[in-house]
J.: 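Dropping the structure in here first, questions after.
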Protein chains: 2
Amino acid sequence: MESPHSNGALKSCPIHEFPAFAALGEKLTSALKAVESDTVEYTAADTIYTAGVNAQHIYLLREGHVKLFKTTPAGKDQIIRIVKAGEIFGFDGLVDIRYNHSALPLKQASVCRIAVEKLAALGERRPEVERLIMVRCIKELQHADERLLELGAKRSGERLASFLLAWCCDAQTWTPLVLSRLEIAQLLGLTIETVSRLFAQWKRDGLVQEKRQAIQIMDRKQMVTVAGSHC
Amino acid sequence: MESPHSNGALKSCPIHEFPAFAALGEKLTSALKAVESDTVEYTAADTIYTAGVNAQHIYLLREGHVKLFKTTPAGKDQIIRIVKAGEIFGFDGLVDIRYNHSALPLKQASVCRIAVEKLAALGERRPEVERLIMVRCIKELQHADERLLELGAKRSGERLASFLLAWCCDAQTWTPLVLSRLEIAQLLGLTIETVSRLFAQWKRDGLVQEKRQAIQIMDRKQMVTVAGSHC
DNA sequence: CGCACTCTTGAAGGTGCTCAAGGGTTGTGG
DNA sequence: CCACAACCCTTGAGCACCTTCAAGAGTGCG
């Protein structure tokens, strides 16, 4: 079930203005402008799509964050990926009838969505579009490789440190931590308690600081060491 | 460093005959025939490519198995994916200069490789080729999602059971187990001892049988239960 | 036959999980 | 404005799962 919950009428979305599609060049801009796409606003309570439902749209995240996750038969959630502004998600429709995972906004999300058949039609006329999606997809695959390495071959501290280094691009700067402890745990394949304990320890050690939903890495060098000299 | 170790001269490779490219249709067959591609044979001792080296080729596996893996700074290997005959691997060259992971044959592998610039050139004239790679890539991504769920949210027994169910498509049939215990461990994010103990237990329970590099699931139903009612 | 390699099995230990309780924060309604 | 509930986070204690370390058995190969 999709529950758009848009703020009033759907607004049209200027796809061609986004960095993801910026490389497509002059000639294509007009074609992109002609593509029918809607802007939809989601709050934390809304569902973007659920695993197993018909995959009708491809999404471009304009603003906010989206979590993609799968659930085990036992009911345990694993977050596959945190989508950031400017990134594409929900390609499943180009291949399968149904979505392979679920998508929820973290706090708030503003997305631009295009119907799969519209995109497929555009792809027929403009092969550059599919090339672009191919490229994005390969990059996602590389990202997934890295995450498999983390989950399969690293300890809890290394995983959390790697995540923080990737999340806080700059050290010594306050960065909003949009994820709850539970969500971090579900992303890293740990429990909420383990994540909490690591944070507590690192705060005592002066490695990180935290204040109401924002975080700061104090000692990037040491954090890199904890992560296992990576990133 | 790539070390082809081909058996004598490179043989040309009939790409268009492979299932991966079968859907491309009549018109394209001639174009595919014209693409310069080599067949290369690898033994267990050879390297196909290593993470970090220049990504010069895209590969199609004709025969055998290939493991794609990454290594942590600590020197621990994580197998990302086991490539089976008919599948494509090594797309990194279409996006990056270098390979993102390493590729080794399991026992033996016969691959067909195409230089990235050749494929890119073909892609310019024949957009179907890039669409095909896009589709394959999305499927890989879905596969990666599933593996992230396994590594992040499942216990050792569930992981091994899922793997065996996927590996032995048919129960009650002997299937060659090309992977060593160590490789299974590296694939599932476990230790060799844990894998060995699970096998020993399941053999005692009559769940599986094993004889010189071949394995058979005796009770598929129960194996599905162990896997956590999935697959 | 002996060497190398893989696999098995045991015992001990640690990492991370489970269970449980308490504290802090936010939002809501009286 | 305060009381209270709901929610998230923290912290502790005990334990289970899996790893680590170690030794031995099985297998293949020169």
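We name chains A, B, ... by the order of the sequence lines, and we start the count at 1 in each one.
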J.: Take the protein atom NZ of K211(A) and the nucleotide atom C1' of dT25(C), then report the distance between them rounded to whole Å.
T.: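 Distance check: K211(A) NZ to dT25(C) C1' gives 17 Å.
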
J.: Just report the end-to-end axis angle for the helix from dC1(C)-dG30(D) to dG22(C)-dC9(D), five pairs per end, to 10 degrees.
T.: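 Here the local axes at opposite ends form an angle of 40°.
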
J.: So, using side chain to side chain contact (heavy atoms under 4.5 Å, CB included) as the criterion, who are the partners of I97(A) when residues are at least two apart?
T.: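 So I97(A) forms a side chain to side chain contact (heavy atoms under 4.5 Å, CB included) with N54(A).
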
J.: Regarding R113(B) and D38(B), does a basic nitrogen lie under 4.0 Å from an acidic carboxylate oxygen?
T.: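 A salt bridge links R113(B) with D38(B).
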
J.: Check whether the side chains of N100(B) and D92(B) place a donor and an acceptor atom closer than 3.5 Å, and report yes or no.
T.: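 There is no such pair between these side chains.
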
J.: Using a heavy-atom distance cut-off of less than 4.0 Å, which residues of residues 174-182 of chain B contact DNA chain C?
T.: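 Residues of residues 174-182 of chain B under 4.0 Å from DNA chain C: S180(B), R181(B), L182(B).
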
J.: Whether E210(A) and R181(A) form a salt bridge (side-chain N of Lys/Arg under 4.0 Å from carboxylate O of Asp/Glu) is what I want to check.
T.: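 So R181(A) pairs with E210(A) through a salt bridge.
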
J.: Below 3.5 Å is the cut-off: list the nitrogen or oxygen pairs between protein and nucleotides 12-16 of chain C, distance only.
T.:
{"residue": "dT15(C)", "atom": "O3'", "partner": "R155(A)", "partner atom": "NH1", "Å": "3.4"}
{"residue": "dG16(C)", "atom": "OP1", "partner": "S156(A)", "partner atom": "N", "Å": "2.7"}
{"residue": "dG16(C)", "atom": "OP1", "partner": "S156(A)", "partner atom": "OG", "Å": "3.2"}
{"residue": "dG16(C)", "atom": "OP2", "partner": "S156(A)", "partner atom": "OG", "Å": "2.8"}

J.: Using whole Å, what does the distance between atom C1' of nucleotide dT19(D) and atom CD1 of I192(B) come to?
T.: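 Computing the I192(B):CD1 to dT19(D):C1' distance gives 13 Å.
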
J.: When the distance from CD1 of I215(A) to P of dC9(D) is rounded to whole Å, what number comes out?
T.: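 Nearest whole value for this atom pair: 12 Å.
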
J.: Can you sort out the partners of E140(B) under salt bridge (charged side-chain N to carboxylate O under 4.0 Å, His left out), two or more places apart, ordered by chain and number?
T.: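 Applying salt bridge (charged side-chain N to carboxylate O under 4.0 Å, His left out) to E140(B) gives R81(B).
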
J.: Provide, to the nearest angstrom, the distance between the CG atom belonging to L188(B) and the P atom belonging to dT19(D).
T.: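 Taking CG of L188(B) and P of dT19(D), I get 10 Å after rounding.
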
J.: Rounded to whole angstrom units, what separation is found between the CD atom of Q186(B) and the P atom of dT6(C)?
T.: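 Checked: the CD to P distance equals 11 Å.
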
J.: Looking only at side chains, do D96(A) and Q142(B) share a donor and an acceptor under 3.5 Å apart?
T.: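 Checked: D96(A)/Q142(B) side chains pair up, N/O donor to acceptor below 3.5 Å.
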
J.: If I take atom CD in residue E210(A) and atom C1' in nucleotide dG24(C), what distance separates them, rounded to the nearest angstrom?
T.: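 It works out to 13 Å between those atoms.
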
J.: For the pair made of CZ in F199(B) and P in dC18(D), what is the distance, rounded to whole Å?
T.: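 Answer to the nearest Å: 15 Å.
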
J.: Please encode protein proximity along nucleotides 21-30 of chain D as a string of B, S and -, counting only heavy-atom distances under 4.0 Å.
T.: B------S--

J.: Hey, would you say the H101(A) and Y49(A) ring centroids sit under 6.0 Å apart?
T.: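 Ring centroids of H101(A) and Y49(A) are less than 6.0 Å from each other.
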
